[in-house]
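Side-chain atoms are counted along with the backbone in the values below, which use heavy atoms only and exclude waters and symmetry mates. Nothing here was measured: the structure is a model prediction, and the numbers come from that model.
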Amino acid sequence: MKKRKRTILMFLLFAVVWSATTVVTVIPYSPQNAVRLYVLKNGHPIASMFAFPKVMSRADSKLQSGNNKLTCYGVNINFSAGPAGVPIYAVRVKKLVCINTRHIRRILWDK
């Protein structure tokens, strides 16, 4: 009985810690979290935790988006999105009032 209570307690502790870290890293208060949320919405929960989005240089952002006003973030883990399952490695982010939105740039890989 004691072992069972310990197991239940460990499971509940794990669930609380996992839920808290997921909420903190996914809510789009920052552009990096907006990118993580976009990856999560495309059905890649593990990739969203390990995406580590980084700001691309201004020249690369202009090349990717065609617009100086949008900032592009590169992700370390490529993920697929859309009905064709196109691999994505760059996500454009535009800030609206207090919410960051995601604009994707789909890149076809020649493999």
Side-chain angles (χ1 to χ4, degrees):
M1 191 69 169
K2 199 174 202 181
K3 187 175 181 180
R4 182 181 171 134
K5 285 183 182 179
R6 186 181 317 160
T7 305
I8 291 172
L9 182 64
M10 291 300 287
F11 177 75
L12 289 175
L13 180 66
F14 173 75
V16 167
V17 169
W18 183 79
S19 299
T21 57
T22 301
V23 167
V24 168
T25 59
V26 172
I27 294 178
Y29 292 123
S30 69
Q32 290 87 357
N33 287 349
V35 171
R36 285 191 177 110
L37 180 63
Y38 179 75
V39 175
L40 182 67
K41 281 185 175 180
N42 279 298
H44 303 282
I46 304 291
S48 70
M49 298 303 274
F50 298 107
F52 302 115
K54 296 191 181 190
V55 178
M56 299 174 86
S57 68
R58 198 46 100 174
D60 288 340
S61 290
K62 175 133 174 99
L63 180 69
Q64 295 291 330
S65 67
N67 187 352
N68 278 334
K69 295 178 182 176
L70 294 176
T71 305
C72 288
Y73 284 81
V75 290
N76 290 342
I77 297 175
N78 295 330
F79 62 95
S80 59
V86 179
I88 295 175
Y89 74 95
V91 179
R92 297 183 301 185
V93 176
K94 180 179 182 182
K95 187 160 185 155
L96 300 173
V97 186
C98 65
I99 300 171
N100 294 296
T101 59
R102 285 104 21 232
H103 299 280
I104 62 166
R105 172 71 176 157
R106 294 182 179 168
I107 305 296
L108 292 173
W109 285 59
D110 297 327
K111 288 187 178 182

Spacing of N42 atom CG and L37 atom CG [to the nearest 0.5 Å]: 10.0 Å
For the student: nearest non-hydrogen atoms of V93 and P31, plus distance: CG1-CB, 3.9 Å
To the nearest 0.5 angstrom, please state how far the CZ atom of R6 sits from the NZ atom of K2. 7.0 Å
Distance from D60 atom CG to T71 atom OG1, nearest 0.5 Å? 12.5 Å
Could you grab the distance from atom CZ of F52 to atom CZ of R36, nearest 0.5 Å is fine? 7.0 Å
Using the test side chain to side chain contact (heavy atoms under 4.5 Å, CB included), find all partners of L9 that sit at least two apart in sequence or belong to another chain. none
Smallest separation among heavy atoms of Q32 and Y73, with atom names: NE2-CE2, 3.8 Å
If you take all heavy atoms of P53 and V35, which pair is closest and at what distance? CB-CG1, 3.9 Å
